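What follows is a short report on a single structure.
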Protein chains: 2
Amino acid sequence: MAAERVVEIKNKQVLFKDYVRDSLESDMCITTEKTISLRVPEGTKGVVVKNLCLSCDPYMRNRMNKSEIDGFFSSYSPGSPITGFGVAKVIDSRDTNLKKGDLVWGTTGWEEYTFIEPTNALFKIEHTDIPLSYYTGILGMTGLTAYAGFHEVAKAKKGEKVFVSAASGSVGQLVGQFAKLMGCYVVACAGSIEKVDLLKHKFGYDNAFNYKEEHDLDAALKRYFPEGIDIYFENIGGKMLDVVLLNTRNFGRIAVCGMISQYNQENHEGIKNLMEIIYKRVRVEGFLYFDYLLQYSKFLETVLPLIREGKMDYIEDLAEGLDNGPAALVGIFSGHNIGKQVIKVAHE
Amino acid sequence: MAAERVVEIKNKQVLFKDYVRDSLESDMCITTEKTISLRVPEGTKGVVVKNLCLSCDPYMRNRMNKSEIDGFFSSYSPGSPITGFGVAKVIDSRDTNLKKGDLVWGTTGWEEYTFIEPTNALFKIEHTDIPLSYYTGILGMTGLTAYAGFHEVAKAKKGEKVFVSAASGSVGQLVGQFAKLMGCYVVACAGSIEKVDLLKHKFGYDNAFNYKEEHDLDAALKRYFPEGIDIYFENIGGKMLDVVLLNTRNFGRIAVCGMISQYNQENHEGIKNLMEIIYKRVRVEGFLYFDYLLQYSKFLETVLPLIREGKMDYIEDLAEGLDNGPAALVGIFSGHNIGKQVIKVAHE
């Protein structure tokens, strides 16, 4: 019997050129020089996937710095494709849990096709009545981050006063909705009138403001939270965190998901009001979604019905094609996106 | 029957002059102008006490600023005596729970005699085989602060790596000993060779260093904690906190008891490394002893035997007489004291 023919095809990729110096976008480039076999090599237990959607997430910025950190946050390798969360279709498999045609989400490459091994960080997508791109966000890392951060880290209670920053972004838009569903008072901020409108009228928060138009953020918070803030879901860091500290209530919690305002800065802004946490017994806690992966099934059971019944909204900002990938990723650091930034690589 | 004669005697006091401007000491003065009745007024339920020892604690500095905070941390009133923790003897009582001759600890005035009403913040001293001054420290607020902060806030586990700052001070000296008793690795810092010697040889910590002699605090911490810090018991704030953030391990805890380096500063030092708490999932939590008062009996049952059996050491720095009170209080902010600063007002 003749050996099966191995198909090698061109594979468009977004390469990481080198550790970031000045501009982010110029540190990535598109290439079609490489080819990839669409068959899983013998002797491995991996899969070859066709990438459908890719996720733009703030943590990726940190992976563009040279660092000593291992694992999930290790630096990208110059000359290799960017990696990140994505939704993909299995083209070939030697993994007994996945078969050709299966849809998965998890960490994949910024390229048309990716060979993935090991596959233990891939989740099989069982519910396909929901747009597949949602698995890069509300039904994926972003969703679990918002859910765990709000319920497990901040330990929110009904009626508490919740402030969300970067609130039209991928995590922020979900946190505010979880808070409203729980019966909290929610005020959120974002960086444009259009986004503020979304927060107020689409997500139904109690109020929202454009932080770029507030000359005195402390006064703004005192206006929206005359009794103080119970929970701050921290996405941006810097000055906003400093004024929130002045406005937390006794036993307040600050769930620190990210500090996007600081990722591009060489010299991080100093936080001057940390002393506030003593007398007010405030807890400031960092967290990562992957400590809560065991809760993913429970999370899906909670969120899928909310989406199907229209009780949660979800806004995506879709960029078409890998060619637009670098600009889309860079855009999230200056707030160009409205909603979760996704790159549509291919249709199923 | 003739009405009992009301005895009014001169009452030496340390008055708070006005909200702090430049120097602390000049904002207090000694006066003997006032008199006090040694009988509890009819129609009240208070006690008159003779003050024996007074406690100098960092939080008192904050009460010398004008602030809007009510309760425990409210501003001192210009023209009235300083108040703080102390040990006292009941001279007269209309409180059914306390009788003449009882010894108590709790909040009292910086003066020879104080009329206290209500008395619900006074604790009756039952165990007098221990020096009474210990109830201003290891057996009082300071002890419970160290105990609750280490066990309840930091949730220390055997074998963890613990860093204590201001470690020869009133709280620091106890935290390190609780940590050693639990089987933790303990390194502590203080501000003089003499204090470092105490930490190493009297308290038996694994190591100790003089932070004033370390030009590179980050390098010092990396030397003493090559695998990082699990628990930082924060007493000083500022630069030390910033470098600790660089050296915490995953799931580290920073129990924030105080930030004494910042209390005298108009402009607080900015903390630049807070981003570290995200990837390392660090919890930074402020706390106050009075949230743990329900554990006071359990705490006493734990600590009294440790003192009696010589398993815990306790260092006090005793100043004699109210006249030396202002200087003693001011001294704790520049590290003049070795051990807990106490003012001996009178002998029993």
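Computed from a prediction, not measured in an experiment: that's the story for all the values here. Order of the sequence lines fixes the chain letters, A, B, ..., with proteins taken first and strands second; residue numbering starts at 1 for each chain. The figures here come from the full heavy-atom set of this structure, side chains too, leaving out hydrogens, waters and symmetry mates.
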Within-4.5 Å side-chain heavy-atom neighbours: A:D291 and B:F251: yes
For B:F290 against A:R281, the heavy-atom pair lying closest together: CE1-NH2, 3.3 Å
Region of A:L241 that comes under 4.5 Å of a non-hydrogen atom in chain B: side chain
Note, B:M275 side chain near A:N62 side chain (heavy atom, < 4.5 Å): yes
Residues that B:D242 engages under salt bridge (Lys or Arg N to Asp or Glu O under 4.0 Å), provided they are two or more places apart: none
Neighbour count >12 (heavy atoms, 6.0 Å) for atom NZ, A:K222: yes
Toward chain B: residues of residues 163-173 of chain A with heavy atoms under 4.5 Å: none
Nearest heavy-atom neighbours spanning A:L288 and B:Y279: CD1-O, 3.6 Å
Side chains of A:E234 and B:I278 in contact at under 4.5 Å (non-hydrogen atoms): no
Region of A:V282 that comes under 4.5 Å of a non-hydrogen atom in chain B: backbone
Results of side chain to side chain donor-acceptor pair (under 3.5 Å) for B:Y76 - residues two or more places apart only: none
A:I271 CD1 to B:L274 CG distance, which is reported to the nearest 0.5 Å: 6.0 Å
Working for side-chain contact (heavy atoms from CB on, under 4.5 Å), residues B:E285 and A:I277: CA-CA 7 Å; B:E285 189 162 351; A:I277 75 171; over 6 Å; no
Side-chain heavy-atom pair A:R283, B:V284 within 4.5 angstrom cut-off: no
Non-neighbouring partners of A:T248 that pass side chain to side chain donor-acceptor pair (under 3.5 Å), sequence neighbours left out: A:K280
